[in-house]
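The basis for the numbers below is simple: all heavy atoms, side chains too, and nothing from hydrogens, waters or symmetry mates.
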Amino acid sequence: MKKYQPSQFEPKLIEVWDKENTYATAEPSKNKQKTYILDMFPYPSGAGLHVGHPRGYTATDILSRYYRMKGYSVLHPMGWDAFGLPAENAAIKAKKNPMDMVPDNIANFKRQMKALGLSFDWSREFSTTDPSYYKWTQWLFIQFYKLGLLYKKNTEVYYCEKCKTGLAEEEVLANGIHERCGCPITKKELPQWIFKITSYADRLLEGLDDLDWPKGILDMQKNWIGRKEGINITYKVVCPESKIQDLRSKIFDEITCFTTRPDTNFGATFVVLAPEHEFVKKVLKDENTPREYSTKIKEYVDRTVSKTDLERIAEGKKKTGVFTGYYAVNNLNNKLLPIWVSDFVLSNFGTGAVVGVPGHDLRDFEFAREFGLEIVRVVVGKDGDTSAITESKQVQEEVGRMINSEFLNGLDIQVAKQKIMDYLEEKKWGQRTVSYHLRDWIFSRQRYWGEPIPMVYCQKCADKKISWWDTEEFQISNVKCQMRDHSVSKLDKEVQESLYGWFPIDEKSLPLELPYLKSYEPSQTGESPLSAVKDWVKTTCPHCGGEGKRETDTMPNWAGSCWYFLRFADPHNDKEAWSQESMKKWQPVDWYVGGAEHAVLHLLYSRFWVKALYDLKLVDFSEPFLRLRNVGMVLAEDHRKMSKSLGNVINPDEVVKEYGADTLRIYEMFMAPFSQEISWSTSTLQGGYRFLNRVWNLCQTKVGTGRDLSLQLNQKLNKTVHKVTNDILNIKFNTAIASMMEFINDWEKSEGMSQEEVKKFLKILAPFAPFTAEEIWRDIFGEKSSIHLSPWPEAEKMVEEEEITIPVQVNGKVRGTVVINREEQEESVVKKALEDNKVKKFVEGKSYKTIYVKGKILNFIVT
RNA sequence: GCCGCGAUGGUGGAACUGGUAUACACGCAGGUCUCAAAAACCUGUGAGGGCAACCUCAUGUCGGUUCAAAUCCGACUCGCGGCACCA
């Protein structure tokens with residue numbers, strides 16, 4: 001008997017599959033339905049594959065193998081997300097150029113993936129750093145630019161001093177730490193390319209409804225977009241305390257506040273502005289502002305604006321603020337609302353101004369208490385409480401009826417809300433509006449290792465206020481007529497002005513290659529290292545032919561991952577990013593598998609690009625990933641994250657060497673439900689090896705030995721086929737494997753079964769343990785073609801057993817079982833049950849009634 | 001604080017639509033084989049009581065619905081992830 005030695009046959013089979021081209025993508029056709037199964041492609045780090053990677057890849061591999069055997073045309077590609085900060089930082093550390101390092105890392109990743117028996121179609125492989133790929137990333141940037149989705153702005157951005165680059169808000173963790181490097185973030189004003197993702201906020205929200213994604217991820221996206229319906233109320237500003245008599249009744253200005261609770265507006269007692277608010281600047285300039293106020297305001301504003309987010313968080317939630325000397329007039333009751341400045345109001349949400357209703361908002365309450373402002377109750381609490389509000393507990397009643405609110409009195413909050421909004425709009429004091437948490441997406445990086453942004457700046461054209469939309473090219477381009485039904489069809493003024501003098505480079509000249517630089521470390525000035533390469537920067541203006549300057553910022557690593565799934569359908573096309581035919585054939589992705597850490601970054605950005613591409617008529621679907629499944633993390637044996645410094649890293653190479661790839665695959669799939677976090681366990685890994693070893697041995701000892709497959713074992717086999725098939729589609733690999741283990745336990749105890757039946761079992765094992773199944777299939781059973789191209793077995797319709805065993809309960813407690821005929825009537829079942837001694841003991845001599853669920857259970861209720 | 005997820009033996013976990021809780025695996029104990037060990041295989045294994053047949057208790061806590069609850073409902077505790085002064 002041959003021993004189970006995976007290291008003897010796994011490398012051989014990798015070659016065989018390569019040679020036979022086993023995993024080539026079959027073209028879809030009328031009777032061959034497509035399915036597109038995709039992993040979130042990895043960043044190929046120098047450390048090689050982590051044992052967490054195979055968990056997700058094995059899952060998609062099982063799906064792909066299953067669908068292939070089911071006769072589907074399966075697209076299952078792999079590529080590399082190799083641009084971006086981690087690669088650049090690693091290269092700096094290693095004192096190498098990332099351009100030299102990345103190919104080595106890729107080769108290593110690919111070798112490891114092959115060793116795991118992953119059935120990717122390698123003919124479609126590419127890296128985001130290939131000029132033949134990023135040529136189209138740059139081309140897409142230009143299309144988005146022409147659609148008006150990009151603007152350039154000198155913005156105060158989150159800035160990481162360690163990484164020396166600007167960041168998007170999404171990349172900053174709650175405590176003011178950069179999510180990538182873990183360093184505190186500061187702010188810096190830098191010119192940046194910014195994507196108008198906010199224009200798509202509503203569509204990004206609505207699109208979520210049709211997706212088969214984990215609920216948690218959908219909620220995170222919803223919350224990130226953070227749509228809030230409310231009303232902007234405009235208040236007149238007066239200065240009754242002015243020293244000059246004439247000015248006491250003069251209307252100085254107007255301030256607009258956003259609120260979602262206009263129903264409480266009768267309870268407003270003050271207005272608070274963010275320190276960055278325009279009116280604050282105006283107040284400081286205005287000579288009428290009494291000196292005693294302006295000095296204090298200036299002091300406060302200077303102090304808060306210079307504070308970093310980290311400092312603000314450290315200070316906690318204690319309210320600070322300063323009075324401006326001005327008042328807003330509440331239109332509803334002509335009440336004067338003192339205008340304050342405080343940093344708890346954020347300049348970038350709503351209008352940067354809040355109307356304070358301390359009776360019904362906790363922050364407003366705290367602020368009012370801090371500075372002794374009036375507190376009015378305008379909503380009756382649940383229990384009819386109308387007492388004065390003196391404690392924070394009493395604040396923010398979400399249910400109740402209105403009081404102290406004139407024409408709203410007695411109404412339910414929700415009704416009052418609509419009524420007051422109607423009223424405010426009718427009086428032209430307010431306008432219904434929507435605010436979002438989502439901000440525009442900062443797309444510039446002042447770093448070397450990214451796609452160069454294909455834009456040129458011309459000072460001369462800028463001086464003449466010429467932008468691309470003034471050119472003839474725009475007039476004859478079809479961007480205008482390509483625009484579909486969305487709100488970006490007109491450029492707003494801010495965007496227009498920011499783009500004077502900026503022109504996309506000639507599309508025919510793409511790719512704009514990243515030059516090979518000896519020195520590419522981030523500059524101290526915050527500018528991109530490319531800006532130091534004088535002859536690269538210098539170019540001609542695509543519009544006037546005069547002297548132009550190239551953009552030296554590069555794209556963030558999200559750029560490549562925002563559309564790679566589209567390229568896999570047509571990876572070698574050098575005429576266009578993809579053909580329409582390839583889109584129809586393969587898109588969108590049917591199964592997308594990756595970690596939950598991408599819940600708002602990658603997944604949101606990709607969805608945004610696809611929606612923009614839809615508007616450009618470049619694709620005809622608007623959601624890229626129909627199904628999303630999350631893979632749980634793999635922690636170290638000590639339940640901590642694996643890390644070099646902790647010395648608890650498990651290297652998949654070593655596991656493969658010692659136990660074989662199939663053991664690793666079985667182990668990772670068996671350990672726990674797929675989306676759940678697991679801690680590595682070497683002893684459980686050995687359990688996986690034992691299972692495969694037993695299958696291997698059984699295939700040599702218990703095949704064709706019994707006369708016929710017993711009815712019982714046959715039933716079990718069919719049940720197993722059925723269970724495994726269902727479990728694969730439900731991503732329940734752990735129970736699929738458990739059921740196969742159960743089956744071989746029965747098989748081992750049996751006389752054996754025919755080769756035909758064993759093959760059936762091998763086929764359902766094949767997606768999980770592709771090497772072992774293939775080796776037995778070919779070497780032991782002498783098959784010529786791959787098991788992975790054989791048809792998936794159908795579970796034969798099982799003959800329902802006539803005799804079944806059901807539990808018998810007395811008062812809900814199981815006291816025995818009874819063997820009955822499936823169709824047997826209650827009366828006779830009860831009679832049989834009473835023959836059972838135990839049951840008898842509990843029932844005899846007492847009065848009872850029975851509940852019989854046919855074929856399931858019998859319960860005596862003894863009183 | 002808000003949103004989401006979770007809690008079942010010594011351990012990872014299983015349980016269809018409410019219907020025999022603990023499948024499968026690990027670990028442990030005993031055994032077979034061996035000079036010995038490893039491997040492999042066999043038996044046992046939720047807790048407590050009992051010589052035994054059996055009995056009682058047990059799915060984070062407390063209550064409820066039901067003939068019947070790990071599963072449904074209400075309140076709570078703890079853990080994990082995300083967000084956080086969002087008006």
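Closest to the side chain of A:Ile851, out of B:rA25, B:rA87, B:rC67, is B:rC67. Distance from the side chain of A:Asp219 is smallest for B:rC3 among the nucleotides B:rG19, B:rA23, B:rC3. Closest approach to the A:Arg690 side chain among B:rC54, B:rG13, B:rG27 is made by B:rG27 (side chain taken as heavy atoms from C-beta onward). Taking every side-chain heavy atom of A:Phe258 into account, B:rA87 is the closest of B:rG19, B:rA87, B:rG12.
When Watson-Crick and G-U wobble pairs are counted only if both distances are under 3.5 Å, B:rU66 pairs with no nucleotide at all. Under the Watson-Crick and G-U wobble criteria, each requiring two contacts below 3.5 Å, nucleotide B:rA39 is left unpaired. Both distances falling under 3.5 Å, in either a Watson-Crick or a G-U wobble arrangement, place B:rC26 opposite B:rG10. Nucleotide B:rA52 forms a pair with no other nucleotide shown, judged by Watson-Crick or G-U wobble geometry with both contacts under 3.5 Å. Across all strands shown, nothing is found opposite B:rC85 as a Watson-Crick or G-U wobble partner with both distances under 3.5 Å.
Distance A:Ile737 CD1 to B:rC24 C1': 10 Å, rounded to the nearest Å. A:Glu748 has its CD atom 8 Å from the C1' atom of B:rC41, to the nearest Å. Atoms CZ (A:Phe733) and C1' (B:rG13) sit 17 Å apart, rounded to a whole Å. Atom CD1 in A:Ile217 sits roughly 10 Å away from atom C1' in B:rG81 (whole-Å rounding). As rounded to whole Å, 18 Å separates atom P of B:rA25 from atom CD1 of A:Ile678.
Using atom C1' as the reference point in both B:rC41 and B:rG48, the two lie 33 Å apart (nearest Å). Separation of the P atoms belonging to B:rG9 and B:rA14 is 13 Å when rounded to the nearest angstrom.
In this structure, A:Phe670 and A:Phe768 have side chains that are not in contact, with every pair of non-hydrogen atoms separated by 4.5 Å or more.
B:rG9 adopts a syn glycosidic conformation, its chi angle falling within 90° of 0.
Relative orientation of the A:Trp747 and A:Phe761 rings is perpendicular, given thresholds of 30° and 60° on the angle between their planes.
Between A:His437 and A:Trp224, the ring center distance clears the sub-6.0 Å criterion.
As judged by a 4.0 angstrom heavy-atom cut-off over every strand, A:Ser681 is placed among residues making no nucleic acid contact. Counting any heavy atom pair closer than 4.0 Å across all strands shown, A:Tyr852 reaches no nucleic acid atom.
Using modelled atom types and a 3.5 Å distance limit, the side chains of A:Thr805 and A:Thr817 yield no donor-acceptor pair. A donor-acceptor contact under 3.5 angstrom links the side chains of A:Thr772 and A:Tyr4, judged on distance only.
Toward the 5' end of RNA chain B, the nearer of the two residues A:Met741 and A:Arg261, judged by each one's closest nucleotide, is A:Met741. Comparing A:Phe842 and A:Gly816 by the nucleotide of RNA chain B whose heavy atom lies nearest to each, the residue mapping closer to the 5' end is A:Gly816.
Below the 3.5 angstrom threshold, one finds no donor paired with an acceptor across the side chain of A:Lys838 and the base of B:rC54.
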